[in-house]
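Structure first, then comments.
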2 protein chains.
Amino acid sequence: MVKREKDQTTEERILKAAKQVFVRKGMAGARMQDIADEAGINKALVHYYFRNKEKLFGVIFMEAANKLFPKINEIFTAELPLFEKIERFCVEYITVVIENPYLPLFVLNEINQDPEYFLQKVWSGRSRPQPEKFLQQIEREIKKGTIKRISPLQLLLNLISLTIFPFVAKPMFQKNLGLDELQFRSIMEQRKKEIPKFIIDAIKK
Amino acid sequence: MVKREKDQTTEERILKAAKQVFVRKGMAGARMQDIADEAGINKALVHYYFRNKEKLFGVIFMEAANKLFPKINEIFTAELPLFEKIERFCVEYITVVIENPYLPLFVLNEINQDPEYFLQKVWSGRSRPQPEKFLQQIEREIKKGTIKRISPLQLLLNLISLTIFPFVAKPMFQKNLGLDELQFRSIMEQRKKEIPKFIIDAIKK
DNA sequence: ATATAATTTAACCAAATGGTTAACAAAAGT
DNA sequence: ACTTTTGTTAACCATTTGGTTAAATTATAT
């Protein structure tokens, strides 16, 4: 009795399996056979649909990148008051990542392995992040005197670090602090409000 | 003309090469041949000194882990006022990592690939982190009224996230913000003072 | 029904890769 | 001097792995 999900096309099954295997083991550690097994099909079928490992990996990587990067850029370019922007970024970002907790480490690791591939593949399609606008907005708030003097770049690093890192270090934190899935999830939920509060307390005058 | 560093034993050359290759490509992506080439020796020599890939990897991984984890624990267990602890943690930790910027991602990634190996190998030697003391210290400060009400665990996550994440995401940040090595380094130097200031501003009453 | 196209599989292949062996060279011990 | 131990190498081996092929099966069209 093979447990094939019904109403799922073969291509979908392969993609689902590939995501599982690639995200868990990385490009180098993933095996085409593992992907085929996970999908419950013959290995040659994987090649039939996606030609080779690199192509299949490209699809999965782009899927992951497209789940993570546009959200960041949205915030950068949105027309919103600074504090509200920070709040919305945390809530929306954590909401996405909480359902895919292993994506950030996967993407960061693959970028690290081959930054050029990343640069070319991820941003050839015009969605190149433009943090300038966000940085300028911070400078404006400083001049207005609504927030303390702080390097806009440092503030940006802080915001992203606080939001993403706990997911990157999820297994470490869980082992170190003895947290099960539910506890971890709950703590991340808390952070949706905790991070904005923390940041705003730090910069508000 | 083979460029062998003088006064370096073969074993040292292998370890240095292995570190380079493992940290850059990860356990799965590293090739014994690459390590031999990087060390400028025959592949069999690598096996002569370290038997197999897993053993050699173990040495490199432990070396990396021992550079990163004890520092964290030191701060947890030290007898210091909270604010001073935070300051010293940032300064000391960034000082270490700035010279080995790729270690955190390497270690986190390998932990992610096999959390059990990590648990057993890294903490079998009694240096298991004990964050309890640090968390209690935070609670005490809250009751004393010197800092705002905040979940001690969240504050701990914030401290570590702010300190480590920029290194984990180094290639991404560099590509995104167009930073060369010197600029990146300089920004990390700034963070030694920026992070404590940011945190203390956020929690001080 | 039957031809045609799309899908799926078992068997196979070549290259890559971790690891071994046997011979050789250098150092150290006697 | 020569024996033994240690270090080093080229050649080799077995397994893994990405990828191919040809045949079989299923779906689609006529």
Side-chain angles (χ1 to χ4, degrees), chain A residues 1-63 106 109-110 113-114 117 121, chain B residues 1-63 106 109-110 113-114 117 121:
Chain A
M1 190 193 104
V2 187
K3 47 163 181 178
R4 302 200 168 179
E5 307 284 333
K6 51 188 164 182
D7 297 336
Q8 233 190 149
T9 171
T10 303
E11 195 173 335
E12 287 170 340
R13 277 219 305 283
I14 294 174
L15 283 171
K16 194 177 165 188
K19 184 180 171 184
Q20 281 233 34
V21 175
F22 275 128
V23 170
R24 180 172 262 296
K25 314 255 233 172
M27 167 64 173
R31 299 288 159 247
M32 294 300 271
Q33 187 63 61
D34 295 345
I35 294 171
D37 291 349
E38 180 74 35
I41 56 171
N42 184 288
K43 179 168 68 99
L45 248 197
V46 183
H47 286 89
Y48 177 76
Y49 279 95
F50 296 94
R51 278 185 75 94
N52 60 39
K53 192 181 176 183
E54 210 185 327
K55 288 266 203 317
L56 179 54
F57 173 79
V59 174
I60 301 299
F61 179 79
M62 285 307 298
E63 195 182 279
F106 166 67
N109 197 52
E110 298 299 336
Q113 306 264 327
D114 192 347
Y117 174 88
K121 192 126 192 177
Chain B
M1 190 193 103
V2 188
K3 46 163 184 179
R4 300 198 169 180
E5 307 284 332
K6 52 189 165 184
D7 297 338
Q8 232 190 151
T9 172
T10 301
E11 194 172 336
E12 287 169 340
R13 277 220 302 285
I14 295 174
L15 283 172
K16 195 177 163 189
K19 185 181 169 185
Q20 282 233 31
V21 175
F22 275 130
V23 171
R24 179 170 263 296
K25 314 255 235 172
M27 167 64 172
R31 301 285 159 250
M32 295 300 270
Q33 187 62 60
D34 295 345
I35 294 172
D37 292 348
E38 181 75 35
I41 57 171
N42 185 289
K43 180 166 68 102
L45 249 196
V46 183
H47 286 89
Y48 177 76
Y49 280 94
F50 296 94
R51 278 184 79 92
N52 59 40
K53 192 180 175 183
E54 209 184 329
K55 288 266 203 318
L56 179 53
F57 173 79
V59 175
I60 300 299
F61 179 78
M62 285 308 297
E63 196 182 278
F106 167 68
N109 198 51
E110 297 300 335
Q113 306 264 327
D114 192 347
Y117 174 90
K121 192 124 194 181

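Order of the sequence lines sets the chain letters (A, B, ...), proteins ahead of strands, with each chain counted from 1.
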Result block: side-chain N/O donor-acceptor pairs under 3.5 angstrom for residues 32-47 of chain A, not counting sequence neighbours:
{"from": "A/Gln33", "atom 1": "NE2", "to": "A/Asp37", "atom 2": "OD1", "distance (Å)": "2.9"}
{"from": "A/Asn42", "atom 1": "OD1", "to": "A/Ala44", "atom 2": "N", "distance (Å)": "2.7"}

Residues 51-58 of chain B, side-chain donor-acceptor partners within the protein, below 3.5 Å, at least two apart:
{"from": "B/Asn52", "atom 1": "OD1", "to": "B/Glu54", "atom 2": "N", "distance (Å)": "3.2"}
{"from": "B/Asn52", "atom 1": "OD1", "to": "B/Lys55", "atom 2": "N", "distance (Å)": "2.8"}
{"from": "B/Lys53", "atom 1": "NZ", "to": "B/Met27", "atom 2": "O", "distance (Å)": "3.0"}
{"from": "B/Lys53", "atom 1": "NZ", "to": "B/Ala30", "atom 2": "O", "distance (Å)": "2.9"}

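In this structure, CZ of A/Phe22 is placed 11 Å from C1' of D/dG18, rounded to the nearest angstrom. For the pair B/Leu45 CG and D/dA10 P, the interatomic distance rounds to 10 Å; values are reported in whole Å. Taking atom OH of B/Tyr48 as the reference point, atom C1' of C/dA26 lies 12 Å away to the nearest angstrom. Remark: P of D/dG19 and CD1 of A/Ile35 are 10 Å apart, rounded to the nearest angstrom.
B/Thr10 has a side-chain polar atom (N or O) that falls below the 4.0 Å cut-off from OP1 or OP2 of D/dT8. Put simply, A/Tyr49 has a side-chain N or O that comes within less than 4.0 Å of OP1 or OP2 on C/dT8.
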### Message
Can you build the contact string for nucleotides 17-24 of chain C? Use B for base contact, S for sugar-phosphate-only contact, and - for no protein heavy atom under 4.0 Å.
### Response
SBBBB---

### Message
Before you tell me yes or no, could you show the steps for B/Phe50 and B/Leu15 under side chain to side chain contact (heavy atoms under 4.5 Å, CB included), namely the whole-Å CA-CA distance, both residues' side-chain angles and the distance that decides it to 0.1 Å?
### Response
CA-CA 10 Å; B/Phe50 296 94; B/Leu15 283 172; 3.7 Å; yes

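Residues passing the side chain to side chain donor-acceptor pair (under 3.5 Å) test with A/Lys25: none are found, sequence neighbours excluded. Evaluation of the side-chain contact (heavy atoms from CB on, under 4.5 Å) rule for A/Glu12 yields A/Gln8, A/Thr9 as partners, not counting sequence neighbours.
Closest approach of B/Phe106 to B/Val23, counting heavy atoms only: CD1-CA, 3.8 Å.
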